[in-house]
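Some notes on the structure that comes next.
Along the sequence shown, residues carry numbers from 1.
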Amino acid sequence: MIEYGANPDKVRKQLELEIIVDYLITNRDRHESNIAFLRNSDTLKIIGMAPIFDSGSSESMEKLRPYGVIGTSINSIFKCEDEALAVVRNVNILDFSKLPEDRWIKEKLGINSLNTDSWKLTIYQLYKAKIEYLRHGLI
């Protein structure tokens, strides 16, 4: 990545933000092939990380029930959410004021006809609990 012009500090911050967002949306699928970079098409230099890349399985969580606010296993370079969060230096890299409002989350969950109402409620409650967990500096 450095060879192609990426700033390691900037990429680390972007990776930390991606870890936090993956945690909030319970994205269990952030392995090495699901990390992408944006490049200048003329020079091929890395501009930065692709934002929130390939997080589509988060809504169903691959049909595996989460363990709770922490401890959910993930398909990543880390084994579980706790391990991923442990590398985050500053949770406040996430601007909590920019997170979607409750009604927006409920509306988007309501669109998915593949999940039961019970499942949607679980996802919603977990999202809210994870925000509180992060806000109170518990990592």
Side-chain angles (χ1 to χ4, degrees):
M1 136 191 108
I2 293 170
E3 182 180 330
Y4 290 98
N7 176 318
D9 293 328
K10 182 179 176 183
V11 170
R12 180 179 178 88
K13 287 179 183 176
Q14 290 171 317
L15 279 169
E16 288 183 12
L17 183 58
E18 190 162 58
I19 287 169
I20 293 168
V21 171
D22 281 346
Y23 167 71
L24 286 175
I25 65 173
T26 314
N27 181 27
R28 301 170 73 110
D29 193 29
R30 183 65 60 209
H31 51 80
E32 294 88 346
S33 295
N34 282 347
I35 297 173
F37 293 92
L38 301 175
R39 297 173 77 176
N40 178 305
S41 61
D42 295 324
T43 66
L44 299 182
K45 294 286 184 182
I46 292 176
I47 299 168
M49 286 190 58
I52 316 305
F53 178 79
D54 195 10
S55 56
S57 68
S58 63
E59 189 173 5
S60 66
M61 292 181 281
E62 299 171 359
K63 294 297 182 193
L64 298 171
R65 289 277 181 196
Y67 301 125
V69 174
I70 58 171
T72 297
S73 62
I74 54 179
N75 179 19
S76 170
I77 57 174
F78 306 104
K79 292 179 183 170
C80 66
E81 290 174 332
D82 308 52
E83 285 183 18
L85 288 173
V87 303
V88 174
R89 294 179 183 164
N90 180 12
V91 72
N92 292 315
I93 195 168
L94 174 70
D95 183 347
F96 287 91
S97 71
K98 292 186 178 179
L99 292 175
E101 295 179 13
D102 290 2
R103 62 182 166 78
W104 187 88
I105 296 293
K106 286 180 179 178
E107 176 186 317
K108 295 304 173 194
L109 286 171
I111 292 170
N112 184 330
S113 61
L114 299 176
N115 291 331
T116 65
D117 288 342
S118 171
W119 184 258
K120 293 173 190 177
L121 181 61
T122 297
I123 294 170
Y124 172 75
Q125 289 173 336
L126 186 59
Y127 172 77
K128 297 298 290 176
K130 286 180 171 186
I131 290 171
E132 289 306 307
Y133 181 78
L134 292 174
R135 273 196 174 135
H136 295 294
L138 300 175
I139 65 167

Using the test salt bridge (charged side-chain N to carboxylate O under 4.0 Å, His left out), find all partners of Arg39 that sit at least two apart in sequence or belong to another chain. none
Results of salt bridge (charged side-chain N to carboxylate O under 4.0 Å, His left out) for Lys128 - residues two or more places apart only: Asp102
[X], [Y]: one ILVMFWY side-chain cluster at the under-4.5 Å cut-off?
X      : Y     : value
Val87  : Ile77 : yes
Trp104 : Val21 : yes
Leu44  : Ile35 : no

If every non-hydrogen atom of [X] is compared with every non-hydrogen atom of [Y], which pair is closest and at what distance?
X     : Y     : answer
Leu17 : Ile93 : CD1-O, 4.2 Å
Ile19 : Ala84 : CG2-O, 3.6 Å
Gly71 : Cys80 : O-CB, 4.0 Å
Pro8  : Ala6  : CD-O, 3.3 Å

side-chain contact (heavy atoms from CB on, under 4.5 Å) partners for [X], two or more places apart:
X      : result
Lys10  : Asn7, Gln14
Ala129 : Val69
Thr43  : Asn40, Lys45
Leu99  : Leu24, Leu94, Phe96, Tyr127, Ile131

Gap separating the CG atom of Asn27 from the OG atom of Ser76, nearest 0.5 angstrom: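 Result: 9.0 Å between the selected atoms.
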Let me confirm one number: the CD1-CD distance from Ile46 to Glu3, rounded to the nearest 0.5 Å.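 Answer rounded to 0.5 Å: 9.5 Å.
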List the residues meeting side-chain hydrogen bond (donor to acceptor under 3.5 Å, both in side chains) with Glu18, not counting sequence neighbours, and say none if there are none. none
So, Arg30 side chain and Asn34 main chain: donor-acceptor pair closer than 3.5 Å or not? yes
Just to verify, which of Asn92, Val88, Asn90 counts as forming a side chain to side chain contact (heavy atoms under 4.5 Å, CB included) with Ile20? Val88
Report yes if the side chains of Thr72 and Tyr23 come closer than 4.5 Å at any heavy-atom pair, otherwise no.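 No, too far: nothing below the 4.5 Å cut-off.
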Pairs flagged by salt bridge (charged side-chain N to carboxylate O under 4.0 Å, His left out) wherever residues 76-101 is involved - sequence neighbours left out: Glu81-Lys130, Glu101-Arg103
Would you call Lys13 and Glu16 a salt bridge, taking side-chain N to carboxylate O under 4.0 Å as the test? no
Tyr4 and Phe37: side chain to side chain contact (heavy atoms under 4.5 Å, CB included), yes or no, with the steps? CA-CA 10 Å; Tyr4 290 98; Phe37 293 92; over 6 Å; no
